[in-house]
Amino acid sequence: QVQVVESGGGSVQPGGSLRLSCVASGSPFSIAAMTWYRQVSGKERELVASITRRGITNYSESVKGRFTVSTISRDNGKNTVYLQMNSLKPEDTAIYYCNAEFRSSWAVEGRAYDYWGQGTQVTVSS
């Protein structure tokens with residue numbers, strides 16, 4: 001059974017920092033990418049940052065220069081990624097979700113399987 005578990009959320013003042021962690025485990029397939037999303041109540045979930053197994057990153061414009069996603073570390077069946085969030089703003093307040101994508105094969109016919117964590121709350125407020 002695949003599990004995706006986020007941690008590290010909390011409350012911080014504007015200008016502060018937090019580091020979120022995401023651990024994905026239990027898949028028989030290889031990790032392809034891990035992506036952080038966030039969602040505010042009543043709004044659509046939005047992409048924050050992503051990284052592929054080869055280290056290619058992508059960031060939303062709103063977090064560029066402030067957030068950094070780590071490379072994916074793979075150890076004993078667990079795939080871990082971190083999201084370092086600096087210079088936090090009140091508008092960064094949201095539930096942050098981690099998505100893990102696995103591939104059955106790197107061939108064209110390979111299938112992708114993605115899984116979501118339960119989310120971790122980040123609140124930025126003075």
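Taking all atoms of both residues into account, the shortest heavy-atom contact from Pro14 to Ser126 is CD-N, 3.7 Å. Nearest heavy-atom pair across Arg103 and Gly110 is NH2-O, 3.4 Å. Scanning all heavy atoms of the two residues, the minimum distance from Val122 to Gly9 falls at CG2-CA, 4.2 Å.
Counting heavy atoms from C-beta outward, Asp92 and Arg38 have side chains that approach closer than 4.5 Å. Val4 places a side-chain heavy atom less than 4.5 Å from the side chain of Cys22. Side-chain contact between Glu44 and Glu46: absent, with no pair of heavy atoms (C-beta onward) separated by less than 4.5 Å. A 4.5 Å side-chain heavy-atom check between Trp106 and Arg53 finds at least one atom pair inside the cut-off. Between Phe102 and Asp114 the shortest side-chain heavy-atom distance does not fall below 4.5 Å. With a 4.5 Å cut-off on side-chain heavy atoms, Leu47 and Thr35 count as touching. The closest side-chain heavy-atom distance from Asn99 to Tyr97 is not below 4.5 Å. Counting heavy atoms from C-beta outward, Gln121 and Tyr96 have side chains that stay 4.5 Å or more apart.
To the nearest 0.5 Å, the span separating OG on Ser27 from OH on Tyr113 amounts to 9.0 Å. If you take CD on Gln3 and CD on Gln118, they are separated by 10.0 Å, rounding to the nearest 0.5 Å. Here the OG-CD1 distance, from Ser30 to Ile72, works out to 11.0 Å after rounding to the nearest 0.5 Å. Taken from CZ in Phe29 to CD in Glu101, the straight-line distance is 12.5 Å, to the nearest 0.5 Å. Between the OG1 atom in Thr68 and the CG atom in Asn86 there is a gap of 6.5 Å [rounded to 0.5 Å]. Atom CZ of Arg66 sits about 12.0 Å away from atom CD of Gln84, to the nearest 0.5 Å.
Judged as a salt bridge (Lys or Arg N to Asp or Glu O under 4.0 Å), and not counting sequence neighbours, the contacts of Lys64 are Glu61. Every side-chain contact (heavy atoms from CB on, under 4.5 Å) that Thr71 has, sequence neighbours left out, goes to Ile51. Legend: residues meeting side chain to side chain donor-acceptor pair (under 3.5 Å) with Ser21, ordered by chain and number and at least two apart, are absent.
Taking the six-membered ring for Trp and the full ring otherwise, Trp116 and Tyr37 have centroids separated by under 6.0 Å.
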Can you list the steps and then say if Val48 with Leu83 is a side chain to side chain contact (heavy atoms under 4.5 Å, CB included)?
-> CA-CA 10 Å; Val48 176; Leu83 182 67; 4.2 Å; yes

Apply side chain to side chain contact (heavy atoms under 4.5 Å, CB included) to Thr93 and Val40, showing your working.
-> CA-CA 7 Å; Thr93 296; Val40 176; over 6 Å; no

Checking side chain to side chain contact (heavy atoms under 4.5 Å, CB included) for the pair Phe67/Leu20: CA distance, chi angles, key distance, verdict?
-> CA-CA 11 Å; Phe67 291 11; Leu20 306 183; over 6 Å; no

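Checking side-chain atoms of Glu6 against main-chain N and O of Cys98 turns up a donor-acceptor pair under 3.5 Å. No donor-acceptor pair closer than 3.5 Å links the side chain of Gln39 to the backbone N or O of Ile95. Remark: the backbone N or O of Ala24 is paired with a side-chain donor or acceptor of Asn79 at under 3.5 angstrom.
Cluster membership check: Val5 does not share its hydrophobic cluster with Val2, using side-chain heavy-atom separations under 4.5 Å among Ile, Leu, Val, Met, Phe, Trp and Tyr.
Remark: Arg19 is positioned above the aromatic ring of Tyr82, its terminal NZ or CZ atom under 6.0 angstrom from the ring centre and at most 45 degrees off the axis.
Ser125 and Thr123 share no side-chain donor-acceptor pair at under 3.5 Å.
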